[in-house]
Visitor: 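Mind looking over this structure? Questions follow.
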2 protein chains.
Amino acid sequence: MSRFPFQRLQSELAELIARTPPGGRLPSEPELAKLLGVSRATLREAMRTFETQGLIRRRQGSGTYVVGRVSVFESGLEVLESLETLARRMGLSLRVSDLVVERVFANQELADIFASPLAMPLTRVRRVMWTEERPVAYLVDMLPEEVLKAEQLPDDFGGSVLDFLLDRGDPLTVARAAISAIGAPPDVAKALQIQRGDVLLHFTSRLYDTSGRVVDYALSYFIPGYFHFHVVRRVVANSR
Amino acid sequence: MSRFPFQRLQSELAELIARTPPGGRLPSEPELAKLLGVSRATLREAMRTFETQGLIRRRQGSGTYVVGRVSVFESGLEVLESLETLARRMGLSLRVSDLVVERVFANQELADIFASPLAMPLTRVRRVMWTEERPVAYLVDMLPEEVLKAEQLPDDFGGSVLDFLLDRGDPLTVARAAISAIGAPPDVAKALQIQRGDVLLHFTSRLYDTSGRVVDYALSYFIPGYFHFHVVRRVVANSR
DNA sequence: TATTCACAAGTTGTCAGACAAATTCTCGCG
DNA sequence: CGCGAGAATTTGTCTGACAACTTGTGAATA
């Protein structure tokens with residue numbers, strides 16, 4: 001539960017929308033506002049965010065309707081959430097194995113990414129995520145030691161660096177993820193118990209805080225078919 | 001000039017944001033509202049849409065700031081644009097080959113996607129996109145014949161069904177793309193001149209119009225490394 | 001001089017209430 | 001049964017207000 005009305009609103013609305021069948025109508029704005037304990041103006045701002053994402057559609061005089069979506073089991077990429085959170089929403093449970101937290105030093109590439117000097121100390125967190133006795137993802141996070149020291153990770157670390165930073169209250173804003181497909185490199189193949197060169201979905205993410213600094217550089221490797229990532233793409237109007 | 005205040009507002013705001021250098025501050029809300037001739041409530045709703053898209057950041061007590069737009073506009077997946085348009089912006093030129101436009105009939109899967117009866121006639125457009133003597137993408141679009149008949153495609157068809165529909169003025173709204181990685185199926189491998197099983201990035205897209213109907217179901221296969229797809233992910237608080 | 005603290009001014013966040021505009025429903029009337 | 005006028009409902013927009021937060025200023029202090 002968040003401290004700020006707007007964020008709480010967003011998650012409650014997201015839940016409500018997820019519960020409503022495609023094409024279904026949401027309660028009217030005055031009703032919803034009362035139900036959620038906010039003013040209509042604030043409610044409308046929250047609704048706009050979902051409209052921007054294409055999840056709902058509003059028709060003056062008629063109501064607000066949930067747009068047909070493929071499945072609740074899919075994750076929209078425009079919202080950054082941890083695999084754990086995603087899995088919980090899907091009714092799955094994720095397990096962590098082969099957790100390795102180590103201290104490394106920035107090479108040229110990493111120094112560029114973090115806009116830091118060469119050899120800056122970093123904390124690298126590697127682990128394999130399992131669901132139902134099967135490895136499905138291999139995750140590597142790298143963070144400046146000023147942001148995260150190895151000792152700070154709790155013993156019951158669930159596998160999500162993002163959740164840890166959020167719970168700690170870090171002022172995170174957005175992440176930028178590059179999406180590609182690759183054949184499994186040897187170390188990843190070994191961790192995921194697949195063959196070298198097998199197909200993997202690959203994200204390379206930079207997580208930013210409010211000051212625009214990169215606080216986490218993450219490499220994610222997913223075995224296709226276990227997680228369904230999708231994105232809503234806006235059609236831009238003709239410029240005139 | 002649009003008929004509706006909100007749409008006019010959006011384009012004027014978009015312009016203002018585009019004019020403001022990254023990190024720059026926008027005028028205060030009361031000022032902007034007066035300047036644009038709307039109430040502060042309406043203005044805030046419009047601002048929310050840009051905040052959702054990661055273009056601006058608001059800080060209570062301080063102001064509203066423009067986020068570095070390079071990261072967002074470069075080739076973000078949140079905006080749907082044709083490969084042609086994208087390639088032109090990246091300074092590449094795309095060529096089309098092996099264009100096949102044919103009439104097919106919906107099987108059960110396609111009928112579900114289009115919410116249509118079985119065996120509904122569809123127009124299927126397949127082609128290979130080349131850049132610099134090398135095939136880089138294989139695209140398949142399927143549209144109800146009511147939306148697009150084979151004869152309607154011009155002789156100089158550039159390879160983008162999306163551009164064609166937009167130029168024609170179709171009321172398109174959003175597309176949903178599912179992202180995954182696959183090994184090349186035989187037919188795709190042949191078209192792209194690669195080996196069966198080679199790694200491909202794969203999008204499955206549904207394009208919607210204003211009535212919420214699926215007007216285009218598209219399969220896209222990309223050879224990794226030629227197009228850089230990325231997405232901006234908003235951080236939201238945990239819901240627990 | 002340098003530092004700290006209180007405070008005022010400015011900005012975003014939220015609220016309540018009102019009316020306009022569009023849609024949908026109801027019901028009387030032919 | 002069909003149709004149209006009007007009522008009811010719902011989203012769109014506006015106004016004014018206050019709360020919460022940030023920032024700069026300047027006086028008081030070490």
Side-chain angles (χ1 to χ4, degrees), chain A residues 1-13 16-17 20 23-67 169-173 209-212, chain B residues 1-13 16-17 20 23-67 171 173 210-212 234-237:
Chain A
M1 193 83 72
S2 303
R3 230 173 347 139
F4 305 105
F6 192 82
Q7 295 183 355
R8 178 183 56 78
L9 231 195
Q10 279 209 320
S11 42
E12 290 187 18
L13 261 184
L16 176 62
I17 291 173
T20 306
R25 216 190 72 170
L26 296 181
S28 74
E29 293 180 356
E31 273 182 74
L32 263 185
K34 204 162 109 184
L35 194 68
L36 300 175
V38 297
S39 73
R40 211 186 131 212
T42 303
L43 175 77
R44 280 183 60 82
E45 286 196 35
M47 303 266 266
R48 273 279 182 222
T49 70
F50 293 102
E51 194 185 25
T52 302
Q53 295 168 53
L55 292 172
I56 59 175
R57 190 176 151 66
R58 301 147 99 182
R59 277 163 46 194
Q60 182 172 357
S62 176
T64 302
Y65 301 85
V66 174
V67 173
D170 281 24
L172 309 176
T173 53
D209 69 6
T210 50
S211 70
Chain B
M1 191 89 69
S2 299
R3 208 161 21 121
F4 305 105
F6 193 82
Q7 294 181 1
R8 178 183 56 78
L9 231 196
Q10 279 209 318
S11 48
E12 290 189 16
L13 262 184
L16 177 61
I17 291 172
T20 307
R25 217 189 75 170
L26 297 181
S28 74
E29 293 181 356
E31 273 182 73
L32 263 185
K34 203 160 110 184
L35 195 68
L36 300 174
V38 297
S39 73
R40 209 184 133 214
T42 303
L43 175 76
R44 280 183 60 83
E45 287 196 34
M47 302 266 266
R48 272 283 181 221
T49 68
F50 293 102
E51 194 185 23
T52 302
Q53 294 167 50
L55 291 169
I56 59 175
R57 194 154 59 78
R58 298 149 101 184
R59 278 166 45 196
Q60 182 172 358
S62 177
T64 302
Y65 302 85
V66 175
V67 174
T173 53
T210 50
S211 71
R234 231 177 57 250
V235 174
V236 299

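In the text below, chain A, chain B and the rest are named by the order of the sequence lines, each starting its count at 1. All figures in this text were calculated on a predicted structure; none of them were measured in a lab.
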Visitor: Identify the two heavy atoms, one from B:Arg59 and one from B:Tyr65, that lie closest to each other, and give their separation to 0.1 Å.
Guide: NH1-CE1, 4.2 Å
Visitor: If every non-hydrogen atom of A:Arg48 is compared with every non-hydrogen atom of B:Thr49, which pair is closest and at what distance?
Guide: CD-CG2, 4.0 Å
Visitor: Could you tell me which non-hydrogen atom of B:Leu32 sits nearest to which non-hydrogen atom of B:Leu43, and how far apart they are?
Guide: CB-CD2, 3.7 Å
Visitor: Just the rounded figure in Å: distance from C1' of D:dG12 to CD of B:Gln10.
Guide: 14 Å
Visitor: CZ of A:Arg57 versus C1' of D:dT10: gap in Å, rounded?
Guide: 15 Å
Visitor: Locate the shortest heavy-atom distance separating B:Leu36 from B:Glu12; write the atom from each residue and the value.
Guide: CD2-OE1, 3.0 Å
Visitor: Just the rounded figure in Å: distance from P of C:dA22 to OH of A:Tyr65.
Guide: 16 Å
Visitor: Closest to the A:Glu29 side chain: D:dT11, C:dC15, D:dT13?
Guide: D:dT11
Visitor: In whole Å, what is the span from the CG atom of B:Leu26 to the C1' atom of C:dG10?
Guide: 16 Å
Visitor: Have a look at A:Arg44 and say if it touches a base, only the backbone sugar-phosphate, or nothing, with a 4.0 Å heavy-atom cut-off.
Guide: base
Visitor: Can B:Arg57 and B:Glu51 be counted as an ion pair, charged N to O under 4.0 angstrom?
Guide: no
Visitor: Starting at atom CZ of A:Arg25, determine the distance to atom P of D:dT11, rounded to an integer number of angstrom.
Guide: 6 Å
Visitor: Which whole-number value in Å describes the distance from B:Leu43 CG to D:dT15 P?
Guide: 13 Å
Visitor: If the cut-off is 4.0 Å, is B:Arg58 near the phosphate of C:dG13, judged by side-chain N/O to OP1 or OP2?
Guide: yes
Visitor: How close or far is atom P of C:dG13 from atom CD1 of B:Ile56, stated in whole angstroms?
Guide: 9 Å
Visitor: I want to check one thing: is the phosphate of C:dC15, taken as OP1 and OP2, less than 4.0 Å away from some side-chain N or O of A:Ser39?
Guide: yes
Visitor: Has B:Ser28 got a side-chain N or O lying under 4.0 Å from the OP1 or OP2 atom of C:dG10?
Guide: no
Visitor: Take atom CD of A:Gln60 and atom C1' of C:dA21, then tell me their distance rounded to the nearest Å.
Guide: 5 Å
Visitor: On DNA chain D, does the nearest nucleotide to A:Thr64 precede the nearest nucleotide to B:Gly37 from the 5' side, or the other way round? Give the residue.
Guide: A:Thr64
Visitor: Using only heavy-atom distances, decide whether a donor-acceptor pair under 3.5 angstrom links the side-chain of B:Arg40 to the base of D:dG16.
Guide: no
Visitor: Both A:Ala41 and A:Ser62 contact DNA chain C. Which one's nearest nucleotide lies toward the 5' end?
Guide: A:Ala41
